[in-house]
Amino acid sequence: MPLTPEEKAAFKRGGVLIRRGLAAPGQVQHAVSLIDGWYRKELVADDIPAYSRRTFVPELGESPELLALYTESGAAKLAASLLGDTGPVTTAQIQIRVPEDAFPGVQPAKAMHVDGVSCPHLDPQELRTFSLLVGVVLSDIDDPKAGALHYLPGGHLAMARWFADEWSLGMTEQVPPEIDHELGTPLLGTPGDVLLMHHLVPHSVAHNLMPFPRVMAYFRVSHPDHAHHRLEALRNPWLDYPPLTEVPCAPTPQE
């Protein structure tokens with residue numbers, strides 16, 4: 001089902017849209033089986049910090065079973081309805097929040113940030129930005145303490161103003177202080193739920209205090225012109241979203 005005008009307006013206002021059960025059970029099962037087998041047989045504790053910065057299961061990032069979560073679930077069509085044209089998505093990022101009890105002190109939490117900007121493990125002059133983050137839930141996340149992603153609704157608008165007025169390339173701060181202190185809204189869901197989140201929405205991830213791993217598949221989607229105007233896209237949140245130019249923001253409940 002395509003995005004409704006109400007969903008587009010809500011996305012423009014909050015920067016986040018969640019479609020429950022979008023990925024079919026069979027697609028989810030194939031992906032989970034691959035990841036679970038790797039987790040049980042191949043995961044080494046010493047590698048967890050590096051995987052957390054990039055991707056778990058790196059050798060499976062281009063596998064058809066993982067890419068199908070984006071290309072065949074309907075997520076790609078939803079992304080295109082927001083961006084108009086989209087560049088090719090050729091790899092999946094798998095993020096696992098391992099149980100803290102099983103791997104105490106191994107996996108760091110992630111403070112509020114915007115992907116690809118002032119990353120602690122990159123040169124602050126380097127930008128690895130994109131347009132839209134698509135996330136597919138691959139494990140039950142019914143408690144924020146399970147290492148849930150926390151996002152800040154409407155934060156894309158605040159971040160665009162900060163990038164335009166206060167930030168400059170080379171700064172090491174990832175977000176302004178008032179956003180750094182925000183707790184955010186936890187992403188809770190069941191396998192097959194799909195998150196569409198504007199790249200500028202700041203988000204964080206805490207430790208997983210539950211006894212089972214939290215698993216997500218992420219896909220970074222870019223408008224074909226994004227690489228040519230990365231800096232401008234940080235300051236203009238709708239540069240990569242031509243279909244939303246004339247869409248009004250959905251009002252907040254108090255309005």
Side-chain angles (χ1 to χ4, degrees), residues 14-23 25 28-29 31-40 42-57 66 69 92-115 119-121 133-156 158-159 174-219:
V16 173
L17 182 67
I18 300 171
R19 274 289 184 93
R20 302 294 180 185
L22 184 65
V28 172
Q29 183 177 1
V32 168
S33 178
L34 287 175
I35 296 168
D36 184 65
W38 179 92
Y39 183 89
R40 295 176 182 276
E42 306 293 336
L43 181 62
V44 176
D46 289 346
D47 294 334
I48 289 175
Y51 289 147
S52 300
R53 291 192 296 268
R54 295 178 176 85
T55 183
F56 287 74
V57 206
L66 294 184
L69 295 171
Q93 180 196 33
I94 303 302
Q95 275 300 317
I96 302 174
R97 299 304 293 182
V98 300
E100 186 67 13
D101 283 349
F103 299 94
V106 172
Q107 187 171 42
K110 295 184 179 181
M112 277 287 175
H113 65 284
V114 167
D115 290 335
C119 297
H121 58 284
L133 183 69
V134 176
V136 183
V137 178
L138 295 179
S139 61
D140 285 306
I141 311 172
D142 57 8
D143 191 318
K145 295 180 181 179
L149 176 85
H150 286 69
Y151 59 88
L152 187 61
H156 58 311
M159 288 301 301
Q174 293 188 282
V175 296
E178 62 272 18
I179 285 180
D180 192 36
H181 295 137
E182 291 282 353
L183 297 178
T185 298
L187 173 65
L188 304 180
T190 58
D193 291 348
V194 172
L195 166 78
L196 295 101
M197 188 169 77
H198 195 294
H199 167 258
L200 289 178
V201 172
H203 51 281
S204 64
V205 190
H207 294 110
N208 180 2
L209 303 181
M210 297 292 107
F212 45 81
R214 186 277 277 165
V215 187
M216 293 280 299
Y218 289 111
F219 303 90

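FYI, the numbering just counts along the sequence from 1. Predicted model only: the values in this text are computed from it and were never measured.
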Atom pair CD1 (I94) and CG (L66), whose distance is rounded to the nearest 0.5 Å: 4.5 Å
Point-to-point distance, once rounded to the nearest 0.5 Å, from CG of D143 to CG of L209: 8.5 Å
Results of salt bridge (charged side-chain N to carboxylate O under 4.0 Å, His left out) for D140 - residues two or more places apart only: none
4.5 Å side-chain heavy-atom contact, R97 and V205: yes
With sequence neighbours excluded, residues passing side chain to side chain contact (heavy atoms under 4.5 Å, CB included) with Q93: T55, Q95, Y218, R220
Heavy-atom closest pair, residues P99 and M210: CB-O, 3.3 Å
Side-chain heavy atoms of P213 within contact of Y39, under 4.5 Å: yes
Side chains of L188 and D142 in contact at under 4.5 Å (non-hydrogen atoms): no
N/O donor-acceptor pairs under 3.5 Å from side chains in residues 106-114, not counting sequence neighbours:
unit_1: Q107; atom_1: OE1; unit_2: V98; atom_2: N; d: 2.8
unit_1: Q107; atom_1: NE2; unit_2: S52; atom_2: OG; d: 2.9
unit_1: Q107; atom_1: NE2; unit_2: I96; atom_2: O; d: 2.8
unit_1: K110; atom_1: NZ; unit_2: S52; atom_2: O; d: 2.7
unit_1: H113; atom_1: ND1; unit_2: A111; atom_2: O; d: 2.7
unit_1: H113; atom_1: ND1; unit_2: H203; atom_2: O; d: 3.0
unit_1: H113; atom_1: NE2; unit_2: D115; atom_2: OD1; d: 3.2
unit_1: H113; atom_1: NE2; unit_2: H203; atom_2: NE2; d: 3.3

Point-to-point distance, once rounded to the nearest 0.5 Å, from CZ of F212 to CD1 of I141: 9.0 Å
Closest approach of I179 to A158 (non-hydrogen atoms, all atoms of both residues): CD1-CB, 4.0 Å
For H198, ring pair (Phe, Tyr, Trp, His ring centres under 6.0 Å) partners two or more places apart: H156, W238, Y241
Step-by-step side-chain contact (heavy atoms from CB on, under 4.5 Å) determination, L152 to V175: CA-CA 12 Å; L152 187 61; V175 296; over 6 Å; no
Criterion side-chain contact (heavy atoms from CB on, under 4.5 Å) on M216 and L187, from CA distance to verdict: CA-CA 11 Å; M216 293 280 299; L187 173 65; 3.8 Å; yes
Side-chain heavy atoms of V57 within contact of L34, under 4.5 Å: no
Pairs flagged by side-chain hydrogen bond (donor to acceptor under 3.5 Å, both in side chains) wherever residues 178-197 is involved - sequence neighbours left out: R20-D193
Counterpart residues, ring pair (Phe, Tyr, Trp, His ring centres under 6.0 Å), relative to F56 (two or more places apart): Y51
Spacing of R40 atom CZ and E42 atom CD [to the nearest 0.5 Å]: 13.5 Å
From CD1 (I48) to CG (L43), nearest 0.5 Å: 4.5 Å
